[in-house]
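So the structure is just underneath, and the comments pick up after that.
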Amino acid sequence: MPILGLGTWKSAPGEVKKAVKEAIKIGYRHIDCASIYMNEREVGEAISESIKEGIVTRDELWITSKLWNNAHEKDRVIPALQKTLKDLQLDYLDLYLIHWPVAHKYETIMPRTKDDYFTESELSIPDTWEIMEEAVKIGLTRHIGVSNFGKKKLANLIANCTIIPEVNQVELNPYFQQDDLVEFCKLNDIHVTAYSPLGSNDRPKELKAENEPTLLEDKTLLKLADDKDISIAQLILSWIVSRDISVIPKSVNPARLKQNLTSADIKLFEADIKIIESINKNRRYVSGDFWDVENLWD
Ligand code: A2P
């Protein structure tokens, strides 16, 4: 998996096609998608046009997508994946993830009441995982993994699967460094991908806490970035890459796309890393409190 990819969460229809085309043109080879981002058709147009124009081949690209929570039932996983493939205009994905350890009824895109959810005894993650494994066997995806899983949920899945989840995609940034989970994943041969690496300041208002700190305005990081003559975004992204964690910053801006891509080549000193480690707040931007689920992050 190319260590630095392009995130497409919050990239609006009308903008995302241009952003993905530009990203591929300047050298991005890893695009992170999800059906719930409601923009996979445009991402698909960008990929397909880039291939047709000879800018890239399918083999050179790494495309990730995610199974939404309303399609965890066994007979819904493959159709959901096929719909994503159709939208992305692809024959196969490189990686398919279970988006959240949350399962709700097909009729609801976002559950409103407790009744909208499946309980663990009605529909468990290992049930859904069986069909994720099937998707690998029939060639619809090369790799499978999960997103937003904590240690306990990963351990339970590992104990009840044939193919170990290859990736866990989670929020990770200097304010939420996730040392414990990263260590657990490394020990279990699970690669970590960091979402919201820049603090996702463009999240909708409903998903933001009051007075939340703005990562890209952190004074310690700004000073360090300034001293090194790089941007704060580049500092953050190069720190994540230095931990062997892949990272998917979102941008729809050509200059920022370019800046972010170059971050993978910036080398930090031990002393820089120590400074970044010192500002951990253990604080999530994506709190998950929009799910009415107990022990979500276990
Ligand atoms: P834009 O899309 O206009 O570039 P995250 O990846 O954590 O979700 O953060 C995405 C947010 O960070 C978006 O608002 C995006 O804006 C902004 N962003 C992306 N790259 C940079 C950068 N290099 N410098 C400043 N802001 C950036």
Side-chain angles (χ1 to χ4, degrees), residues 1-28 30-34 36-39 42-43 46 64-66 97 99-100 147-148 169-178 192-209 212-226 228-241 243 245-266 268 276 279-281 283-288 290:
M1 176 197 286
I3 197 140
L4 198 135
L6 175 68
T8 60
W9 176 38
K10 308 176 262 77
S11 296
E15 284 185 332
V16 68
K17 179 176 170 184
K18 237 170 95 189
V20 173
K21 276 198 87 172
E22 174 67 16
I24 293 174
K25 197 174 100 195
I26 64 173
Y28 281 77
H30 169 180
I31 315 287
D32 183 81
C33 317
I36 195 61
Y37 302 161
M38 307 285 183
N39 57 14
E42 266 194 50
V43 174
T64 298
S65 185
K66 313 184 191 82
L97 306 176
H99 205 148
W100 285 90
S147 181
N148 295 302
Q169 183 181 122
V170 293
E171 175 176 345
L172 190 147
N173 55 53
Y175 285 170
F176 194 59
Q177 302 193 4
Q178 297 258 43
V192 176
T193 299
Y195 76 68
S196 296
L198 305 176
S200 278
N201 202 32
D202 56 343
R203 274 167 300 137
K205 230 175 47 227
E206 321 75 86
L207 297 185
K208 285 183 160 185
E212 65 176 33
T214 306
L215 179 61
L216 292 181
E217 291 171 5
D218 183 277
K219 290 209 169 57
T220 307
L221 293 181
L222 277 173
K223 177 164 185 325
L224 185 57
D226 231 31
K228 301 181 78 64
D229 206 18
I230 57 177
S231 76
I232 184 164
Q234 286 175 310
L235 177 69
I236 293 169
L237 298 173
S238 61
W239 167 69
I240 295 175
V241 168
R243 299 175 73 190
I245 292 169
S246 54
V247 62
I248 46 168
K250 171 264 175 187
S251 182
V252 291
N253 172 288
R256 290 193 282 273
L257 281 169
K258 203 165 178 181
Q259 196 192 98
N260 295 347
L261 186 63
T262 59
S263 312
D265 299 321
I266 296 171
L268 299 180
I276 300 172
I279 65 159
N280 189 14
K281 292 182 191 290
R283 181 191 184 288
R284 293 176 194 276
Y285 282 108
V286 180
S287 70
F290 36 87

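Start at 1 and go down the list; that is how both ligands and their atoms are numbered.
- Taking every non-hydrogen atom of S196 and a distance limit under 4.0 Å, the qualifying atoms of ligand 1 come out as 7 (O).
- If you number the atoms of ligand 1 from 1 as listed, the ones under 4.0 Å from a heavy atom of G199 come out as 7 (O).
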Exercise for review: Decide side chain to side chain contact (heavy atoms under 4.5 Å, CB included) for Q178 and I245; before the verdict, give the C-alpha distance in whole Å, the side-chain angles of both, and the deciding distance to 0.1 Å.
Suggested key: CA-CA 11 Å; Q178 297 258 43; I245 292 169; over 6 Å; no
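- The closest donor-acceptor contact from the side chain of Q234 to the backbone of S231 lies under 3.5 Å.
- By the 3.5 Å distance cut-off applied to N or O atoms, L198 is counted among the residues near ligand 1.
- The number of heavy-atom neighbours closer than 6.0 Å to NZ of K18, taken from other residues, nucleotides and ligands shown, is 12 or below.
- In summary, the atoms of ligand 1 found under 4.0 Å from a heavy atom of N253, numbered by their order in the structure, are 4 (O).
- Close N/O approach between I248 and ligand 1 is not found [any backbone or side-chain N/O within under 3.5 Å].
- Residue contacts with ligand 1, taken as heavy atom pairs separated by less than 4.0 Å, involve N260 solely via side-chain atoms from C-beta onward.
- Polar contact check, S200 against ligand 1: a nitrogen or oxygen pair lies under 3.5 Å apart.
- Around the NZ atom of K10, the shell of radius 6.0 Å holds more than 12 heavy atoms that belong to other residues, nucleotides or ligands.
- Of all protein heavy atoms, the one closest to atom 11 (C) of ligand 1 is D202 OD1, 3.7 Å.
- The distance from atom OG1 of T262 to atom CG of N260, rounded to the nearest 0.5 Å, is 7.5 Å.
- Side-chain N or O atoms of E171 include one that pairs as donor or acceptor with a backbone N or O of V286 at under 3.5 Å.
- The environment of K25 atom NZ is sparse: at most 12 non-hydrogen atoms of other residues, nucleotides or ligands sit within 6.0 angstrom.
- Heavy-atom proximity to V252, at under 4.0 Å, picks out these atoms of ligand 1: 1 (P), 2 (O), 4 (O).
- Residue-level proximity to ligand 1 for P197 is carried by backbone and side chain together, each with a heavy atom below 4.0 angstrom.
- Here's the thing with P249: none of its N/O atoms is less than 3.5 angstrom from an N/O atom of ligand 1.
- Among K10, R256, Q234, the residue whose heavy atom lies nearest to atom 24 (N) of ligand 1 is R256.
- Of the options K258, Q259, K250, E15, the smallest heavy-atom separation from atom 19 (C) of ligand 1 is shown by K250.
- In this structure, V192 and R243 have side chains that are not in contact, with every pair of non-hydrogen atoms separated by 4.5 Å or more.
- Counting the atoms of ligand 1 from 1 in the order shown, those under 4.0 Å from a heavy atom of A233 are 22 (C), 23 (N), 24 (N).
- Under 4.0 angstrom from ligand 1, the non-hydrogen atoms of L216 all belong to its side chain.
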Review point. Run the side-chain hydrogen bond (donor to acceptor under 3.5 Å, both in side chains) check on D32 and Y195 step by step: do they pass?
Key: CA-CA 10 Å; D32 183 81; Y195 76 68; over 6 Å; no
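- In this structure, L221 and L215 have side chains that are in contact, with non-hydrogen atoms separated by less than 4.5 Å.
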